[in-house]
Amino acid sequence: MVVGSGLLGAGLLSIPVGLAADRFGDRRVLALAALSGSVGLAALLPLAHWSGAFIGSILFWSSTTIGPVMNARVTIATPRHLMARAMGSVFAATFLGSVVASPLAGPLSATLGPRAPLVAGAGSFFVAALVLASLSRPVRTASAGHVRLPRRIWPLLAFVPLSAVIAAIPVPLLPLYLRDVAGIPLERIGLHVALMGAGTAAFSVLSGRIADAVGAAAALLVDAIVLTAGALVLVLASGSETIVALSIFLIGANLAPLPVLAAAVEPHLPSERSAVGYATVGFAYTLGVSAGTVLAGSLYEGDATLPYLVTAAFALPVATMLALAVRRVADRNTGVPVLRSAP
């Protein structure tokens with residue numbers, strides 16, 4: 001509930017944050033979003049019971065609004081035929097921190113106490129805020145009119161939350177599954193969780209390259225196949241720590257469609273309103289992640305393997321529907337996802 005409420009709060013803030021970035025400039029908004037993450041983690045430090053963590057959770061997860069605003073910045077300097085690759089690379093970079101931090105959380109807790117990782121995270125967000133505030137001002141080209149979504153775009157936005165539900169289900173209770181079912185020693189759970197971030201980084205880059213070369217629909221299907229394989233392997237081969245590690249790396253493909261979707265939306269958005277356009281997609285995605293987080297808990301209470309079996313069962317069908325929606329707005333001559341302005 002704490003995580004779900006934080007994600008929901010971040011989703012509700014995403015569109016106002018995008019509007020603010022388009023109106024006042026992205027540097028201030030990026031810095032404030034990072035500072036929100038720092039304050040959110042700091043707010044968790046004095047708590048002795050989870051019931052007081054809702055405000056800290058909302059502030060912490062509000063830092064994720066950095067993503068849509070950063071996507072808008074990337075579009076300014078990137079050629080369209082390389083857009084998915086650039087989006088994937090930037091998205092992958094965001095997970096490098098989790099790859100480094102996850103294995104350190106356990107030793108920090110054991111050595112300095114359970115609040116030490118929160119202090120380190122709050123400090124990292126504060127440093128990020130300083131760096132983001134020092135970014136140069138992007139040069140935007142003139143763009144006319146408001147963002148108009150043609151009718152055939154709405155199915156794409158309708159399937160985004162459903163895709164996000166499937167992406168979120170395997171994540172929140174993975175540490176418990178590793179400890180209780182896979183039998184991973186406590187001191188190595190953080191290392192295994194970091195492998196998911198490494199998988200997300202790797203598959204984000206790969207998906208971007210596939211989307212630029214073949215098309216967004218193909219990239220979405222590849223990600224779903226990899227996610228399905230990872231979820232099945234995790235359930236069927238939990239007796240081997242090496243295979244478990246491989247399966248977690250594959251499950252990291254759950255978030256790889258995000259930069260592909262961002263690149264698909266880009267051609268439709270005037271540069272003057274790009275941040276709020278990405279925020280709209282981010283809002284739809286965050287709603288799905290919130291629902292998926294709650295659903296994961298319910299499934300886990302029934303059986304620890306259910307979140308991963310459900311992921312394996314629905315990842316490819318949902319990705320197929322999303323790919324068909326993307327296909328409707330794709331430029332068939334070039335294979336580059338294009339959202340047209342006319343209905």
Side-chain angles (χ1 to χ4, degrees), residues 88 91-92 95-96 98-103 105-106 162-211 217-260 288-289 292-293 295-323:
F91 191 68
F95 282 88
L96 295 180
S98 66
V99 172
V100 174
S102 294
L162 184 58
S163 175
V165 169
I166 302 303
I169 287 176
V171 177
L173 297 168
L174 179 62
L176 290 181
Y177 184 90
L178 293 176
R179 184 194 67 185
D180 299 338
V181 179
I184 304 299
L186 186 61
E187 63 272 14
R188 293 204 292 274
I189 287 179
L191 179 61
H192 283 71
V193 172
L195 288 173
M196 180 178 289
T200 299
F203 290 115
S204 295
V205 174
L206 177 62
S207 296
R209 290 180 176 271
I210 293 174
L220 294 172
L221 293 176
V222 169
D223 291 334
I225 291 171
V226 173
L227 175 58
T228 300
L232 285 176
V233 170
L234 180 62
V235 172
L236 298 176
S238 289
S240 169
E241 186 170 351
T242 301
I243 297 179
V244 167
L246 174 62
S247 67
I248 293 173
F249 182 82
L250 296 176
I251 290 174
N254 65 328
L255 296 179
L258 274 175
V260 176
V289 170
T293 301
L295 178 59
S298 300
L299 292 172
Y300 196 90
E301 289 179 358
D303 190 286
T305 61
L306 276 180
Y308 306 99
L309 292 176
V310 168
T311 299
F314 290 98
L316 190 56
V318 170
T320 300
M321 290 186 289
L322 185 61

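Between atom OG of residue Ser163 and atom CG of residue Asn254 there is a gap of 9.5 Å, rounded to the nearest 0.5 Å. Within the model, atoms OG1 of Thr305 and CG of Leu299 stand 10.0 Å from one another, a figure rounded to the nearest 0.5 Å. Between atom CG of residue Leu178 and atom NE2 of residue His192 there is a gap of 6.5 Å, rounded to the nearest 0.5 Å. Considering CG of Leu258 and CG of Leu255, their distance stands at 6.0 Å, rounded to 0.5 Å. Atom CG of Leu220 sits about 12.5 Å away from atom CE of Met321, to the nearest 0.5 Å. Interatomic distance, Thr311 OG1 to Leu306 CG, rounded to the nearest 0.5 Å: 10.0 Å.
Between Asp303 and Pro307, the shortest heavy-atom contact is O-CD, 3.6 Å. Looking at every heavy atom in both residues, Val181 comes nearest to Ala304 through CG2-CB, 3.6 Å. In plain terms, the two heavy atoms of Asp180 and Tyr300 that are nearest each other are OD2-OH, 3.8 Å. When all heavy atoms of Gly230 and Ser247 are compared, the pair lying nearest together is O-CB, 3.4 Å. Scanning both residues, Ala219 and Val260, for their nearest heavy atoms gives CB-CG2, 4.0 Å. The heavy-atom pair separating Thr200 from Gly252 by the smallest distance is OG1-O, 2.7 Å.
With Ile248 as reference, Val244 is the one residue of Leu246, Leu250, Val244 to meet the side chain to side chain contact (heavy atoms under 4.5 Å, CB included) rule.
Considering only heavy atoms from C-beta on, Ile169 stays 4.5 Å or farther from Tyr308 through its side chain. Counting only heavy atoms from C-beta outward, the side chains of Ile251 and Leu227 approach each other to under 4.5 Å.
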Item to complete: Determine, stepwise, if the pair Val226 / Phe249 fulfils side chain to side chain contact (heavy atoms under 4.5 Å, CB included).
Response: CA-CA 10 Å; Val226 173; Phe249 182 82; over 6 Å; no
Item to complete: Could you check Leu234 against Leu174 for side chain to side chain contact (heavy atoms under 4.5 Å, CB included), going step by step and ending with a plain yes or no?
Response: CA-CA 10 Å; Leu234 180 62; Leu174 179 62; 4.2 Å; yes
